[in-house]
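A short write-up of the structure that comes next.
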Amino acid sequence: MKTLPAQGQKAADILQQLQDAKAQDLDWQSGRAMGFVYVPDPETQRVAKEAFMAFLTENGLDPTSFQSLLRLENDLVAMGAAHLRGDEHTVGNFTSGGTESCMLAVKSARDYAADRKGITAPEMVLPVTAHAAFHKAAHYFGIKKVLVPVDPETFKADLDAVRAAINENTVLIVGSAPAYAHGVADPIREMGRIALERDVLFHVDGCIGGWLLPYMRRLGVDTPDFDFSVPGVTSISMDLHKYAYTPKGASLVLYKSKEIRRYQIFTCPDWTGYTIINPTIQSSKSGGPLAAAWAVLHHIGDEGYLRMAKGVHEATQRFVQGVRAIPGLRVMGEPEMCLVAVTSDELDIFHVIDEMKVRGWYIQPQLAFGEYKENFHVSMQHSSVGLVDDMLAALRESVEAARKIPATGVGKNIAQMAQGIDPSTLTDEMLENLLKLAGIGGSAQQGLPDRLQQVNEILNNLPVELNGALLTAYFNQMFTPTQD
Ligand SMILES: *Cc1c(COP(=O)(O)O)cnc(C)c1O
């Protein structure tokens, strides 16, 4: 097991080791990573770093001791509320990311319903396209998920199914603007009407779209309605670390009024230490992400964001047109922002992803789910807008290369063999054998092979419970203390 060095090491050596550690990482600076990263211009990156470091040590735990952080947070919430057409009653908080924002909105809804309506067996209505963060909230906070389908062509929530899913225990309806997978928004206006009719809170997940969609609307693009101007919307999550291009650890959760936000705040006077009052999940927290977000918003400014939105929108249009012109590929639904899901009815999309990787591009695999087909996902963003033609050329080549790879069906066969495994009895040994079959030998810390078609094909053909159990076991092994 690795242990602490007896004597402290030289700063330069340590920093060099840290740089070296990144050698195998996704190359986010290239503009060829179409997911995970949202990269602004170099000057904005510099401002973000300096602002982050300036508040590295300040602690957001106590806003009365660090009043600077309270002010910066209230500034960001005000700017976010105005951006989403809130009014003088709109309130909110800065959080560590979209997941925390979504989880807090769910927790607030649960406790609001318990207090106001006496609901003790809470349920939440989720379209299948709702982000995993809501499943996590349901899991952590003991809420029953009621999943509703989306239209298999448009990927928008089925309104009749939403209506039918609501009952006396429903504490929250969730809609996305847009949902991550296919970049399509739910019918928020109609869902708001249903929420009002049934007197249920309604959260709009604007984690990825909240910042960008209003700019697209101002550019004259036909964008979906989703903000506080829509009757029935009671809370919205909006990440800053996506299309506001701030460093990670930055999101907002906003509420129509203090009446609901009150239930987000956790106060603990009943222990022997100082009284804890936490509006969000974290307690001690660096002021870095907050200060960096504040700095980036001020540095880019309204006109800057409008300009960046124009670039991203035009690049997405060109990309979608280009993909539609490639035989064998099919864009799923009508992307409404800059997130595009692409599938194929004739070739193995997982081979296309591998071939893109060979050519220096990272695109995300999304597995099939029920009647919704497997695909690859592309998030267009600022640092990629100049590379659309390169990307389309790489995609054309990748499709041709994928066509030439003979289908073996090995992945499907392995999945077939594994079908019978009971996820609750999965052992380390079974996992190891499966990994070997899938072509992933060695330890889980060594990373994955370059080509993942077979792994994706296996996962794509397994029952979801087994899939989940396998990936859990794999991560449980991956995080093993360093042995040397
Ligand atoms: C990214 C995202 C989230 C979760 O946000 P994290 O910042 O990754 O925690 C939630 N909803 C949508 C639609 C997202 O795109």
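Start at 1 with the first residue, then count along the sequence. For ligands, and for the atoms within them, numbers begin at 1 and follow the listed sequence.
A distance below 6.0 Å separates the ring centres of Phe36 and Tyr362.
Remark: of the listed residues Asn375, Val331, Leu339, Asn375 is the sole one forming a side chain to side chain contact (heavy atoms under 4.5 Å, CB included) with His182.
Judged purely by atom type and a 3.5 angstrom limit, Asn461 uses its side chain to pair as donor or acceptor with the backbone of Glu457.
Closest heavy-atom contact between Trp211 and Asp239: CB-O, 4.4 Å. Minimum interatomic distance between Leu290 and Phe94 (heavy atoms only, all atoms of both residues): CA-CZ, 3.5 Å.
Evaluation of the side chain to side chain donor-acceptor pair (under 3.5 Å) test over residues 129-140, restricted to residues two or more places apart or in two chains, returns His135-Lys145.
Listed by chain and residue number, the protein contacts of ligand 1 are Gly97, Gly98, Thr99, His131, Pro178, Tyr180, Asp205, Cys207, Ile208, Asp239, His241, Lys242 (heavy atom within 4.0 angstrom).
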